[in-house]
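As structure tokens, the structure follows; a few thoughts come after it.
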There are 2 protein chains.
Amino acid sequence: MSENIYVGVDLGGTAIKVGICNDEGHLLHTYEGPTGTQDGVHTVIDNIEKYVRQIVADSPYEWDQLVGVGAGVAGFTNIREGIIILAPNIGFRDVPIRSILEDRLNKPVKIDNDANVAALGEAWSGAGRGIENCVCYTLGTGVGGGIIINGKIYQGFSGLAGELGHISVVPDLEAIQCGCGKMGCLETVSSATGIIRMANDAVARGDRTTLASVDKIAAKEVFDAAKAGDEVALRIVNRAAFYLGKSMAAVAAVLNPEVFIIGGGVSKAGEILFEEIRRVYAQLAPDPLQKDVKIIPALLGNDAGIVGAAGLLLRS
Amino acid sequence: MSENIYVGVDLGGTAIKVGICNDEGHLLHTYEGPTGTQDGVHTVIDNIEKYVRQIVADSPYEWDQLVGVGAGVAGFTNIREGIIILAPNIGFRDVPIRSILEDRLNKPVKIDNDANVAALGEAWSGAGRGIENCVCYTLGTGVGGGIIINGKIYQGFSGLAGELGHISVVPDLEAIQCGCGKMGCLETVSSATGIIRMANDAVARGDRTTLASVDKIAAKEVFDAAKAGDEVALRIVNRAAFYLGKSMAAVAAVLNPEVFIIGGGVSKAGEILFEEIRRVYAQLAPDPLQKDVKIIPALLGNDAGIVGAAGLLLRS
């Protein structure tokens, strides 16, 4: 096996997931071990090195075939300098992870934030395979995004391109404050957090809904209730979908992407969510911006982060 | 003079303007002649060829120094194929202008629409000189836009990137229908047409404004009245500025540009418009998207189209 390989690292608070990809972005092997966050920064870095060496050693590939290592991190990163500025879930602050890992592994290393890396994974080898220009939403605790232009992550002036969760979409009279300090951000309604908040509000004000009997509401319960015909739950789902579709119409007028890819936990709601997003997009986007444009679910699930991280070596 | 030169063509309904630029985008010579729209497509094409040959002949440069010719057109263009699909103001429909001019001039030819070309002109050698990533608004009869990424015009999937006038920004209850068929587009409030409409509406409903004594209101009269302290006019200007600032906050969350450049006739209103746009942007955009980001007027005025058209040879 003489092909090139790339290792992607998904650096999470509990587990570090690593994977080997080939030139085409096919995920060939994966490995997972504890992050060791509680034992401090040095242990976490030791573990990254260990797992990267381990997965290559356990594979049919030679170390020489490894072109480089990419890592995706939930947090603020300085991509050009390769520094994790702040990643609360692994306790990193101002860690020059790229140079540390390059010294230890003697291979090129690249880093990026988790939303960008997931977007690249989907664009390179998931739902966007073969597409040069796409926009990816990740609907989780927050709403993340990634912009892929000519097959690569687009960073913008200060690395903040693709902050799709902070497009202001909710009209003033209904807007609540976002964690970013501004009012009416997409994230306040279309993230899991936003959906759960709307559900809790509905229960608290006494709306007649099956959610009232749920102990601790998660987004999945809201979608399940909506699918079962609960009108209050359905209204919450439609609201989350409406603002997603509205934001996509705005993004389309700016970037005219071929494909919108939606991933993250909330996207698992499936067609009940996607149908409504597509309906709203068709209603709000000018006709020429609809022709042949697709709104589709992500394909790689939790592997998007590993694959995209590996892809940083080729596409950043 | 052994340097390379580039000729830009601004193909308007009344006049064809041509100009010679050097490698740095400096406009060295200009020439202008009638379009001849009334005499049909062949005459217009004859005129383009004539003016291009003329300006080079009248300049200190040799024909051999001419690298190529770029043309900007108000209308729908197929950029890849070099076809003007529909340009009502010059009576063109499905004219393969690129291949026709390449045959006649024996030089490479590129075309693009007027908003993209103006954006490129400003990015290359106007307000955005030295900036790799910027977003340009052109406020005229409509609201046009152009996205510059890594120094080049970004086209998107079907050539519709930068249709900033069709970002939906006006809340439902106040929205009116746009020419594109959708409701609440930026163009309905922040174009000269939108400003004139709001002024005519105010006069029609009897608002106390000095505009009531104006025979045929143009955008300039609204700005002049606002500067003179007319509250009705000021409210119209602030409304146009508000939705521009709101759209920029959305664009920033998508693309994180370093600079927003605003040109076109309406931008000549000056600080009364720009101050309000900046105030609204500061209010609506998350803080990290404001740091070092500038909102500035275009510099090239009517020459942006010629310069940007010349730039198509280097930057498209």
Side-chain angles (χ1 to χ4, degrees), chain A residues 76 131-135 143 145 147 149-150 152 154-174 178-187 246-259 282-294, chain B residues 76 131-135 143 145 147 149-150 152 154-174 178-187 246-259 282-294:
Chain A
F76 294 97
I131 303 290
E132 287 292 287
N133 301 299
C134 61
V135 171
V143 172
I147 310 289
I149 287 181
N150 301 330
K152 295 181 175 176
Y154 182 67
Q155 300 288 356
F157 170 49
S158 40
L160 296 167
E163 285 286 351
L164 306 176
H166 301 288
I167 303 177
S168 182
V169 286
V170 184
D172 282 357
L173 292 173
E174 299 173 41
C178 179
C180 77
K182 300 298 173 179
M183 304 293 291
C185 292
L186 178 64
E187 184 162 296
K246 182 176 175 184
S247 78
M248 284 175 200
V251 171
V254 180
L255 279 179
N256 182 207
E258 181 171 359
V259 174
Q283 180 195 324
L284 299 180
D287 293 346
L289 288 167
Q290 293 187 40
K291 191 160 182 300
D292 301 326
V293 172
K294 289 173 279 293
Chain B
F76 294 97
I131 303 290
E132 286 293 286
N133 302 298
C134 61
V135 171
V143 172
I147 310 290
I149 288 181
N150 301 330
K152 295 180 173 176
Y154 182 67
Q155 300 289 355
F157 170 49
S158 40
L160 295 168
E163 285 287 350
L164 306 177
H166 300 290
I167 302 178
S168 182
V169 285
V170 184
D172 281 357
L173 292 173
E174 300 173 40
C178 180
C180 77
K182 299 299 172 177
M183 304 294 289
C185 292
L186 178 63
E187 184 161 298
K246 183 177 174 183
S247 78
M248 285 176 199
V251 171
V254 180
L255 278 179
N256 181 207
E258 181 172 358
V259 174
Q283 181 195 322
L284 299 180
D287 293 346
L289 288 167
Q290 293 188 41
K291 194 162 179 299
D292 302 325
V293 173
K294 289 174 278 295

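Here is how names work: the chains are called A, B, and so on, in the same order as the sequence lines, proteins then strands, and each is numbered from 1. Predicted model only: the values in this text are computed from it and were never measured.
When heavy atoms are compared at a cutoff of 4.5 Å, A:L255 approaches chain B by way of both its backbone and its side chain. Of the two parts of A:D172, neither the backbone nor the side chain holds a non-hydrogen atom closer than 4.5 Å to a non-hydrogen atom of chain B. Of the two parts of A:P171, neither the backbone nor the side chain holds a non-hydrogen atom closer than 4.5 Å to a non-hydrogen atom of chain B. Within the 4.5 angstrom heavy-atom criterion, only backbone atoms of B:Q155 (N, CA, C, O) approach chain A. Of the two parts of A:E132, neither the backbone nor the side chain holds a non-hydrogen atom closer than 4.5 Å to a non-hydrogen atom of chain B.
Using a 4.5 Å cut-off on side-chain heavy atoms (C-beta onward), A:I131 and B:F157 make no contact.
For the options A:K182, A:K246, A:K291, heavy-atom pairs under 4.5 Å to chain B are most numerous at A:K182. Ranked by heavy-atom pairs under 4.5 Å with chain B, the first of A:I147, A:L284, A:V251, A:V259 is A:L284. With chain A as partner, the option from B:A285, B:A253, B:G156, B:G181 having the largest number of non-hydrogen pairs under 4.5 angstrom is B:A253.
The contact list for residues 159-166 of chain A toward chain B, using heavy atoms and a distance under 4.5 Å, reads A:G159, A:L160, A:A161, A:G162, A:E163, A:L164, A:H166 by residue number.
The backbone N or O of B:S158 sits less than 3.5 Å from a side-chain atom of A:N256, completing a donor-acceptor pair.
Closest of all the heavy-atom pairs between A:Y154 and B:I149 is CE1-CG2, 3.6 Å.
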